[in-house]
Amino acid sequence: MTSVGEHPAPATRRVGPRALLVEVADHHEARALASWIRTQLVSLTDVVPAARTVLLDGLDDPARVSQLVGGWRPGAVEPPHGRSVRIPVRYDGPDLAVVARSWGVTEDEVVRRHTGLELVSAFVGFAPGFSYLGGLPEEWSVPRLESPRSRVPAGAVAIADRWCAVYPGESPGGWLLLGRTDVTVWDLSQADEPSLLPPGTRVRFVAA
């Protein structure tokens with residue numbers, strides 16, 4: 001556990017009259033802070049973790065919460081482990097060869113590496129149900145396309161930077177496409193939890 005004296009206090013910024021944006025080092029800290037704030041006696045309406053921030057919305061007393069967050073440090077509360085989901089993938093994406101060249105390996109090795117990871121949903125953004133799955137090693141980071149595609153089909157499995165994702169619906173997109181899955185990751189008929197991959201979900205891809 002990191003002590004208060006070894007780690008600087010998170011920076012907080014006011015967002016309107018009833019919200020705070022807390023800046024942290026990475027998505028691991030964002031998940032940890034989001035889990036911790038939910039255990040505190042704080043009146044709020046929403047907690048939204050992202051890559052390096054956590055938005056605390058609907059606060060009755062933002063100044064008191066800012067002071068409270070100033071005493072938080074990473075490691076105070078480990079984020080809970082979510083359920084595990086396996087997603088079958090047909091690795092026939094148009095960018096598989098691009099990723100292979102970037103990593104200096106064969107396309108089969110790209111598949112082996114991708115299916116060998118356990119990724120964790122860090123947050124949802126870009127579009128409803130678009131879960132950012134963290135866990136790619138830094139040396140496997142890849143850039144986005146210089147010119148995004150105007151149409152990426154639903155179920156496309158893609159990577160960009162150190163993130164992986166499954167496109168929940170057809171949309172434009174600039175991530176590198178590894179393959180496709182028939183698994184539905186965003187289903188509005190499931191009113192209680194339309195997202196298959198909410199934050200905390202552990203994800204493994206398997207070759208179909």
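- For the pairing with L20, the side chain to side chain contact (heavy atoms under 4.5 Å, CB included) check across V65, L55, V54 returns one residue only, V65.
- Nearest heavy-atom pair, F126 versus S171, reported as atom, atom and distance to 0.1 Å: CE2-OG, 3.9 Å.
- At distances below 3.5 Å, at least one donor-acceptor pair connects side-chain atoms of E29 with backbone N or O atoms of A25.
- Using modelled atom types, one finds no donor on one side chain facing an acceptor on the other under 3.5 Å when comparing T106 with D108.
- Cluster annotation: L96 and V166 are assigned to the same hydrophobic cluster (Ile/Leu/Val/Met/Phe/Trp/Tyr, side-chain heavy-atom contacts under 4.5 Å, transitive).
- Residues W163 and F123 place their aromatic rings such that the two centres sit under 6.0 Å apart.
- Taking the side chain to side chain donor-acceptor pair (under 3.5 Å) definition, one finds that D182 meets it with R90, sequence neighbours left out.
- In terms of heavy-atom proximity, R86 sits nearest to V206 at NH2-CG1, 3.2 Å.
- Checking side-chain atoms of S131 against main-chain N and O of P198 turns up no donor-acceptor pair under 3.5 Å.
- What you find for P49 and A122 is that their closest heavy atoms are CG-O, 4.2 Å.
- W72 and V48 are assigned to two separate hydrophobic clusters, defined by single-linkage of ILVMFWY side chains at heavy-atom distances under 4.5 Å.
- For the side chain to side chain contact (heavy atoms under 4.5 Å, CB included) with F205, the lone residue among L178, T181, L133 that qualifies is L133.
- The closest side-chain heavy-atom distance from V142 to W103 is below 4.5 Å.
- Between the side chain of T53 and the backbone N or O of A50 there is no donor-acceptor pair closer than 3.5 Å.
- Hydrophobic clustering (ILVMFWY, side-chain heavy atoms < 4.5 Å, transitive): V185 and V120 are in distinct clusters.
- No continuous path of hydrophobic side-chain contacts links W186 to V183 [ILVMFWY only; heavy atoms under 4.5 Å].
- Listed for the S102 side chain is no donor-acceptor partner under 3.5 Å among the backbone atoms of V98.
- You'll find the side chain of I37 reaches within 4.5 Å of the side chain of L68, heavy atoms only.
- We find the CD-CG distance between Q40 and L56 to be 11.5 Å, quoted to the nearest 0.5 Å.
- To the nearest 0.5 angstrom, L44 atom CG is 8.5 Å from D60 atom CG.
- Contact record, G116 with R204: O-NH1, 3.6 Å, taken as the closest heavy-atom pair.
- Shortest non-hydrogen contact noted between S66 and T12 is OG-OG1, 2.9 Å.
- Across all their heavy atoms, R144 and A160 have their closest contact at CG-CB, 3.8 Å.
- Under the 4.0 Å criterion applied to side-chain N and carboxylate O atoms, R52 and E23 are not assigned as salt-bridge partners.
- In this structure a side-chain-to-backbone donor-acceptor pair under 3.5 Å is missing from R180 to L177.
- With T201 contributing its side chain and R83 its backbone, the two residues share no donor-acceptor pair below 3.5 Å.
- The distance from the NE2 atom of H27 to the CZ atom of R31 is 9.0 Å, given to the nearest 0.5 Å.
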Step by step, work out the side-chain contact (heavy atoms from CB on, under 4.5 Å) result for R64 and V42.
CA-CA 9 Å; R64 186 184 77 80; V42 173; 4.1 Å; yes
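- Clustering ILVMFWY residues whenever any of their side-chain heavy atoms sit less than 4.5 angstrom apart, transitively, puts F130 in a cluster other than the one holding I87.
- The distance from the SG atom of C164 to the CG atom of L136 is 6.5 Å, given to the nearest 0.5 Å.
- Taking 4.5 Å as the limit, some side-chain heavy atom of T115 sits within range of a side-chain heavy atom of Y91.
- Between R162 and D26 no salt bridge is recorded (no basic side-chain N to carboxylate O distance below 4.0 Å).
- Heavy-atom neighbours of E139 CD from other residues, nucleotides or ligands within 6.0 Å: above the threshold of 12.
- The line from CZ of R202 to OG of S121 is 12.5 Å long, rounded to the nearest 0.5 Å.
- Between Y132 and W175, the ring center distance clears the sub-6.0 Å criterion.
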With side-chain contact (heavy atoms from CB on, under 4.5 Å) as the criterion, how do D161 and W140 come out once you've worked through the C-alpha distance, each side chain's angles and the decisive distance to 0.1 Å?
CA-CA 8 Å; D161 300 326; W140 297 357; over 6 Å; no
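- Under the 4.5 Å side-chain criterion, counting only non-hydrogen atoms from C-beta, L196 is not in contact with D187.
- A donor-acceptor contact shorter than 3.5 Å links the side chain of E193 to the backbone of S195.
- The CG atom of D95 sits 9.0 Å away from the CD1 atom of I159 when rounded to the nearest 0.5 Å.
- Between R14 and P62, the closest side-chain pair of non-hydrogen atoms falls below 4.5 Å.
- Using a 4.0 Å cut-off between charged side-chain N and carboxylate O, D57 and R18 make no salt bridge.
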